[in-house]
Amino acid sequence: MFEVIFEDEETGARAGKLKLKDRTLETPGFLPVATKADVKLVSPDELNQMGVQGVIANAFVLYLRPGIEVIEAAGGIHKFMGWNGIIFSDSGGFQILNKDFLLKVNDNSVTFKSPFDGTKHEFTPEKCEDIQMKLGSDVAMTLDDCPSYGSDYDNILNSTKRTIGWAERFKNAHKNDSQSVFGIVQGGVFKDLRENCAKALVQMDFDGYAIGGLCIGEPKDVMHEVIGWTASLLPPKKPRYLMGVGSPEDMLEAISKGVDIFDSVFPTRNARHNTVYTKRGKINIGKEKFKNDFGPIDEGCECYTCKRFSLAYVNHLLREHEYLGMRLATIHNLHFLVNLMRMAREAIMDEDFINFKKEFLRDYMNS
Ligand SMILES: [Zn+2]
């Protein structure tokens, strides 16, 4: 159940709460990506310490390995991965329609080869629903057809129609109220297609709505425009989830357009490649110039890494390719985004979101 606690009148930014059984995600909220049932390099206890309230796993990847039957036998994905917070499961549409795996797609199903062993698999919306139900995630995502950026109008029209048809079949197959289902709005960068898709999905009455198919190469102003069109068509009382967007400036922009939930591999992937977020923008902490910097990565940051270690130490570990360096950078980045969401939430409740956004971006973008 989703509750909007406060809405900023000037922008449409919302502070809310998604409550699923005894699990809660305060919004705006960020979901670290746990594709293989783990957030790379950090444990569930560390996620708890950072204030992470939910993660997103990938049903397609877990179906291939270790296999859904293993996770069912473990008593569901929460028990399997030792995480008692909220778990979203992504359908895998984004991955299986990737040209590296895709063998065939038509309105009935998608056939793809496993990236692990090349074996052939067929997914229908019904099968995708069944897999996510068996996983036992709190929120299942419908199977969608996400076209690549730059596809022409007719291609995107077809994939949008397919996304709508698949969402309906997914919804019809879903008989169990213990799991919420979010529909994914596609439509590329075409306003009429986004509108048609949003309207069709809203008629089906999902528990929440995701905006998919963005942050795949389109210019930022186009992305922001599409988020604005789409969010404005979604029901005000349902949660809105922007998939795959994880840079602070884009997240704040999306929040100001009424988006509630985010996920992205950016903070974890960037950390493993030496890039961290700080209040003064992104920096590469592997650089020689930080060799003798004995302050924290980000002055005033309350994360475990910044409270305990110097930038010089993390710099040394990363230059030596030590796992601990990647872990410490990951902890800092996840904490940074979760904390950004927490600060945005507080600013919305204090009716100060516009100022907060302006001040954050002034420091973050001007470095
Ligand atoms: Zn930190």
Side-chain angles (χ1 to χ4, degrees), residues 25-34 38-56 83 85 245-252 254-255 261-347 356-367:
L25 175 69
E26 290 175 321
T27 63
F30 176 73
L31 310 172
V33 173
D38 71 319
V39 176
K40 288 197 193 316
L41 299 174
V42 292
S43 72
D45 297 341
E46 289 167 325
L47 295 175
N48 272 327
Q49 280 165 16
M50 292 172 213
V52 171
Q53 295 172 324
V55 301
I56 179 160
W83 167 250
V245 172
S247 61
E249 66 275 25
D250 294 335
M251 292 166 83
L252 291 180
I255 289 171
I261 303 167
F262 301 88
D263 82 276
S264 171
V265 295
F266 286 3
T268 43
R269 184 179 291 162
N270 280 342
R272 298 195 302 278
H273 294 93
N274 302 359
T275 299
V276 294
Y277 306 114
T278 77
K279 285 188 283 297
R280 305 201 176 281
K282 272 193 300 192
I283 56 170
N284 180 335
I285 52 169
K287 286 195 171 157
E288 172 89 24
K289 67 175 180 183
F290 297 121
K291 209 173 159 186
N292 288 299
D293 192 328
F294 296 101
I297 292 175
D298 193 13
E299 199 65 57
C301 176
E302 292 283 313
C303 87
Y304 168 73
T305 303
C306 291
K307 284 200 295 191
R308 184 85 168 73
F309 303 100
S310 67
L311 173 49
Y313 179 61
V314 183
N315 168 270
H316 158 70
L317 293 180
L318 287 170
R319 290 170 74 87
E320 292 301 317
H321 307 289
E322 289 291 316
Y323 294 129
L324 181 59
M326 293 186 243
R327 255 175 58 65
L328 295 176
T330 300
I331 288 171
H332 168 80
N333 272 358
L334 287 174
H335 180 276
F336 185 90
L337 281 196
V338 170
N339 194 48
L340 178 67
M341 295 297 99
R342 194 160 39 210
M343 290 190 300
R345 189 171 199 274
E346 280 167 15
F356 164 76
K357 182 182 165 207
K358 200 161 73 189
E359 281 172 24
F360 176 87
L361 292 178
R362 184 193 59 212
D363 296 339
Y364 187 81
M365 304 302 283
N366 282 346
S367 46

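Order of appearance sets the numbers: ligands from 1, and atoms from 1 within every ligand.
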Short check: any N/O/S atom of H335 below 2.8 Å from the Zn ion (ligand 1)?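 So H335 does not bind the Zn ion (ligand 1) by this criterion.
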Quick check: does any side chain N or O of [X] sit under 3.5 Å from a backbone N or O of [Y], one acting as donor and the other as acceptor?
{"X": "D298", "Y": "K279", "result": "yes"}
{"X": "N333", "Y": "T275", "result": "yes"}
{"X": "E46", "Y": "S43", "result": "yes"}
{"X": "N315", "Y": "L311", "result": "no"}

Can you name the N/O/S atom of H332 that is nearest the Zn ion (ligand 1)? ND1
Just to confirm my numbers, could you give the angle made at the Zn ion (ligand 1) by SG of C301 and SG of C306, rounded to 10°?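 Reported to 10°, the angle equals 110°.
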